[in-house]
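Okay, structure first, notes after.
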Amino acid sequence: MANNLSIILNNQCFTFPVRVYYEDTDAGGVVYHARYLHFFERARTEYLRTLNFSQQSLLQEQQLAFVVKTMSIDYCIPAKLDDYLIVETEITAAKGATILFEQRLVREAVVLSKATVKVACVDLGKMKPVAIPEELKAAFLK
């Protein structure tokens with residue numbers, strides 16, 4: 001597989017449960033807007049972990065890290081204290097040094113928030129983007 005090959009994935013959706021705690025909310029019990037970023041980040045990390053890739057291992061062994069390049073988020077309906085939520089995560093494209101994620105925060109089949117997140121693979125020693133490792137791209141296709 002060439003490094004510049006774009007990968008479009010077919011409906012592979014990873015789900016990750018989260019519970020809303022008091023620390024996630026404002027005084028009215030509504031989830032603070034920045035906490036959604038935490039929920040989405042945890043789901044992306046756990047998705048990579050299910051593919052047998054640890055961000056810590058990539059960092060220690062290859063000096064690679066994934067950094068958010070751009071994010072677009074739509075807050076549709078507020079999440080609240082004690083909600084049991086599911087973060088749905090899909091990789092819609094992987095090309096060169098970037099991965100495009102589509103994520104949704106869902107409560108009982110109702111979408112509360114949607115995000116499109118573009119992450120870049122970066123060589124931390126050089127502080128420059130590098131191609132996504134071929135073994136990681138291959139794992140996206142399984």
Side-chain angles (χ1 to χ4, degrees), residues 1-26 29-142:
M1 193 178 313
N3 282 339
N4 63 355
L5 180 64
S6 179
I7 299 172
I8 306 299
L9 301 171
N10 300 325
N11 298 325
Q12 293 180 15
C13 185
F14 171 74
T15 59
F16 180 72
V18 294
R19 174 75 68 183
V20 175
Y21 296 105
Y22 187 74
E23 67 188 20
D24 300 319
T25 67
D26 61 17
V30 175
V31 172
Y32 181 64
H33 73 280
R35 286 297 187 176
Y36 291 78
L37 305 179
H38 295 236
F39 300 153
F40 289 139
E41 173 71 28
R42 289 176 195 156
R44 289 192 309 274
T45 297
E46 293 303 324
Y47 182 35
L48 289 176
R49 195 180 313 275
T50 65
L51 298 174
N52 295 316
F53 291 93
S54 157
Q55 291 200 50
Q56 184 174 4
S57 295
L58 288 169
L59 179 61
Q60 290 174 344
E61 296 166 12
Q62 300 179 46
Q63 282 198 303
L64 294 181
F66 290 103
V67 298
V68 173
K69 183 175 182 339
T70 60
M71 176 183 274
S72 172
I73 189 165
D74 184 7
Y75 300 97
C76 306
I77 299 169
K80 297 180 182 177
L81 181 63
D82 286 332
D83 277 354
Y84 179 78
L85 308 170
I86 300 293
V87 181
E88 299 175 344
T89 302
E90 296 176 73
I91 295 175
T92 57
K95 182 178 181 182
T98 62
I99 304 169
L100 188 63
F101 290 91
E102 294 293 332
Q103 294 186 277
R104 292 166 300 283
L105 187 66
V106 178
R107 177 182 59 218
E108 297 177 359
V110 175
V111 175
L112 306 182
S113 179
K114 300 182 277 191
T116 300
V117 185
K118 184 183 234 180
V119 300
C121 184
V122 175
D123 179 323
L124 289 182
K126 298 175 183 174
M127 293 306 288
K128 296 197 182 245
V130 294
I132 299 162
E134 291 301 320
E135 61 272 15
L136 184 54
K137 280 187 181 181
F140 295 156
L141 295 174
K142 291 182 181 177

TODO: Identify the heavy atoms of L81 and V20 that sit nearest to each other, and give their distance.
DONE: CA-CG1, 3.7 Å
Task: L112 CG to K80 NZ distance, which is reported to the nearest 0.5 Å - done: 10.0 Å
Task: Spacing of L100 atom CG and T92 atom OG1 [to the nearest 0.5 Å] - done: 3.5 Å
Open item on the list: On a heavy-atom basis, which atom in C121 and which in A131 lie closest, and how many Å separate them?
Closed with: SG-O, 4.1 Å
Task: Flag if over 12 foreign heavy atoms under 6.0 Å of CD, Q56 - done: no
Open item on the list: For a quick test of reading the model, state the closest non-hydrogen atom pair linking I99 to I132 and the distance between them.
Closed with: CG1-CD1, 3.4 Å
Open item on the list: Show the nearest heavy-atom pair for residues V130 and V122, with the distance to one decimal.
Closed with: CG2-C, 4.2 Å
- [ ] Begin with the C-alpha distance, continue with both residues' side-chain angles, and end with the deciding distance and a verdict on side-chain contact (heavy atoms from CB on, under 4.5 Å) for V106 and T15.
- [x] CA-CA 10 Å; V106 178; T15 59; over 6 Å; no
Open item on the list: Using side-chain contact (heavy atoms from CB on, under 4.5 Å), reason through F40 and S113 one step at a time and then give a plain yes or no.
Closed with: CA-CA 10 Å; F40 289 139; S113 179; 3.9 Å; yes
- [ ] Could you please spell out the steps behind the side-chain contact (heavy atoms from CB on, under 4.5 Å) verdict for R44 and V119?
- [x] CA-CA 10 Å; R44 289 192 309 274; V119 300; 4.2 Å; yes
Acceptor/donor pairs from residues 62-78 side chains to any protein atom, 3.5 angstrom cut, sequence neighbours excluded:
residue, atom, partner, partner atom, Å
Y75, OH, H33, O, 3.2

- [ ] Check Q103, E88, E46 against F14 for a side chain to side chain contact (heavy atoms under 4.5 Å, CB included) and give me the one that passes.
- [x] E46
Task: Gap separating the OG1 atom of T89 from the CZ atom of F16, nearest 0.5 angstrom - done: 9.0 Å
Task: Y36 side chain vs A79 backbone, donor-acceptor pair below 3.5 Å - done: yes
Open item on the list: For E108, I'd like to know if atom CD has over 12 heavy atoms of other residues, nucleotides or ligands within 6.0 Å.
Closed with: no
- [ ] List the atom of R104, the atom of C13, and the distance in Å for their closest heavy-atom pair.
- [x] NH2-SG, 3.9 Å
Open item on the list: Let me confirm one number: the CD-CD distance from E41 to Q55, rounded to the nearest 0.5 Å.
Closed with: 6.0 Å
Open item on the list: Among residues at least two apart in sequence or on other chains, which ones pass side-chain hydrogen bond (donor to acceptor under 3.5 Å, both in side chains) with T116?
Closed with: E102
Task: Interatomic spacing from CG in L85 to CG in D24 - rounded to 0.5 Å - done: 9.5 Å
Task: Gap between atom CG of L48 and atom OG of S57 - 0.5 Å precision - done: 11.5 Å
